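Notes for the one structure printed next.
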Amino acid sequence: YSFCTLLETVWKYIMLCIFSGIARLTTAAEVSLKSIHRHDRDESLPMAVYLIAVGLSVAAAWKWWSSSCSKPAGGDARSVMSSSDYKAVRDGSMSLSEAKGKYGAVVGLEGIRTAGLSQEEVEKLRSTKYDSTNPDHEKLLERFWTAMKPGVTRKARKTEEWEELGFQGKDPATDFRGNGLLGLLNLTYFAENHPEEARKMMVEGGWKPDTEVWYLMAVTGINLTSRVTTLLKSTDIDHQFYALPVDDKSDPFFTPSIMAHCQLYSSLMVSYHQLWSKHRPTVMEFNMFMEKHVVPANSAEKLKKM
């Protein structure tokens with residue numbers, strides 16, 4: 001970027017010299033035009049025309065070069081912005097207009113701020129406790145049930161049937177304490193948008209009386225919510241927010257930034273079950289299995305390539 005700035009200065013100096021020369025020759029050109037009518041020979045007009053042509057060529061070259069310089073070498077904002085400015089845009093202390101004025105048309109600039117807003121939104125939802133007296137919360141929980149067990153009606157609000165989905169008891173509300181409403185949003189998004197994978201996890205990974213090789217699908221999903229939130233804080237997955245869909249307000253729960261969080265969450269859920277199917281850890285080996293296989297397989301460096 002500093003090289004582009006140097007060239008910009010040089011180009012501006014050349015342009016100043018050229019147009020200064022054109023201005024000085026204007027009077028001479030007028031005299032030369034009169035001389036042409038008298039069939040006099042004058043070199044001022046050809047020189048003025050020459051300088052104008054050079055000036056236009058330089059202007060065109062500069063326009064092309066400046067557009068090239070405005071494109072980040074690595075393909076996104078992180079490769080051209082200083083770390084302090086990147087963080088400033090992300091937390092909102094530097095406006096997008098300021099950043100554009102300093103760095104030009106950088107790919108993903110808006111996505112940086114969206115990532116920052118997403119983190120704020122995620123933390124807010126994570127700190128929002130599930131409230132069984134809140135109709136919106138209960139509707140979201142029902143959406144999860146319907147996506148996992150379409151056409152099946154439960155016996156009651158609190159029932160052992162929830163355990164089939166991977167909760168620890170009759171009331172799933174108690175399992176959301178660690179990640180609040182965010183945990184339910186992630187589970188619901190995954191079940192509604194990846195129903196086959198979600199039901200496969202419920203059936204294949206569900207509790208079995210004759211073996212310890214199983215896991216609780218919902219509880220595992222809530223655990224992975226923490227993992228995705230940690231990745232978001234690191235800023236290493238901000239590219240996930242560079243091209244988000246337009247918010248059509250059709251679903252108040254799933255804003256574009258939350259959807260981006262949920263999409264990454266869904267990929268981790270699928271990855272978890274694939275690794276679990278391969279290594280077959282027991283329920284007692286859950287934490288060790290997560291640290292040894294799931295976390296390394298879904299590191300920030302690998303997710304950057306998504």
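This structure is a prediction, so every number in the text was calculated from the model and none was measured. In this chain, numbering begins with 1 at the start of the sequence shown.
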Can you name the residues that form a salt bridge (Lys or Arg N to Asp or Glu O under 4.0 Å) with Glu204, not counting sequence neighbours? none

Rounded to the nearest 0.5 Å, how far does [atom2] of [Y] lie from [atom1] of [X]?
| X | Y | atom1 | atom2 | answer |
| --- | --- | --- | --- | --- |
| Met148 | Met202 | CE | CE | 4.5 Å |
| Glu192 | Leu187 | CD | CG | 11.0 Å |
| Leu125 | Glu120 | CG | CD | 12.0 Å |
| Tyr265 | Leu182 | OH | CG | 9.0 Å |
| Ile222 | Arg177 | CD1 | CZ | 10.0 Å |
| Leu140 | Thr188 | CG | OG1 | 4.0 Å |

Is [Y] reachable from [X] through a run of I, L, V, M, F, W or Y residues, each pair having side-chain heavy atoms under 4.5 Å apart?
| X | Y | result |
| --- | --- | --- |
| Met284 | Phe286 | no |
| Phe289 | Met269 | yes |
| Trp214 | Met290 | no |
| Val219 | Met288 | no |
| Trp145 | Met201 | yes |

Can you confirm whether the side chains of Ser82 and Asp85 place a donor and an acceptor under 3.5 Å from each other? yes

Assess the side chains of Gln263 and Ser266: does a donor N or O sit below 3.5 Å from an acceptor N or O? no

Is Lys149 atom NZ crowded by more than 12 heavy atoms from other residues, nucleotides or ligands, each under 6.0 Å away? yes

Inspect the surroundings of NZ in Lys278 and state if more than 12 heavy atoms from other residues, nucleotides or ligands are less than 6.0 Å away. no

Taking 4.0 angstrom as the limit, do Arg154 and Glu142 come out as a salt bridge? yes

Under a 4.0 Å threshold between the charged nitrogen and the carboxylate oxygen, would Glu138 count as salt-bridged to Arg157? yes

Where does the angle between the aromatic ring planes of [X] and [Y] fall among parallel (under 30°), tilted (30 to 60°) and perpendicular (over 60°)?
| X | Y | answer |
| --- | --- | --- |
| Phe167 | Trp162 | perpendicular |
| Tyr130 | Phe176 | tilted |
| Trp276 | Tyr215 | perpendicular |

Any donor-acceptor pair under 3.5 Å from [X] side chain to [Y] backbone:
| X | Y | result |
| --- | --- | --- |
| Lys208 | Gly206 | yes |
| Thr174 | Asp171 | yes |
| Arg199 | Ala147 | yes |

Under the side chain to side chain donor-acceptor pair (under 3.5 Å) rule, what do Asn223 and Thr220 come out as? Steps first, then yes or no, please. CA-CA 5 Å; Asn223 185 287; Thr220 297; over 6 Å; no

Side chain to side chain donor-acceptor pair (under 3.5 Å) evaluation trace for Asn179 with Thr225: CA-CA 7 Å; Asn179 286 288; Thr225 291; 5.2 Å; no

Going through the distances and angles, do Glu291 and Asn287 end up as a side-chain contact (heavy atoms from CB on, under 4.5 Å)? CA-CA 6 Å; Glu291 293 300 321; Asn287 291 329; 5.7 Å; no

For Leu185 and Phe253, what are the C-alpha separation, side-chain angles and deciding distance, and is it a side-chain contact (heavy atoms from CB on, under 4.5 Å)? CA-CA 8 Å; Leu185 280 169; Phe253 287 115; 3.6 Å; yes

Phe190 and Phe144: aromatic ring centres closer than 6.0 Å? no

For Thr159 and Lys170, run side-chain contact (heavy atoms from CB on, under 4.5 Å): C-alpha distance rounded to whole Å, both residues' side-chain angles, the deciding distance at 0.1 Å, then the answer. CA-CA 4 Å; Thr159 170; Lys170 296 180 179 181; 5.7 Å; no

Run the side-chain contact (heavy atoms from CB on, under 4.5 Å) check on Glu285 and Glu212 step by step: do they pass? CA-CA 10 Å; Glu285 297 171 329; Glu212 291 188 350; over 6 Å; no

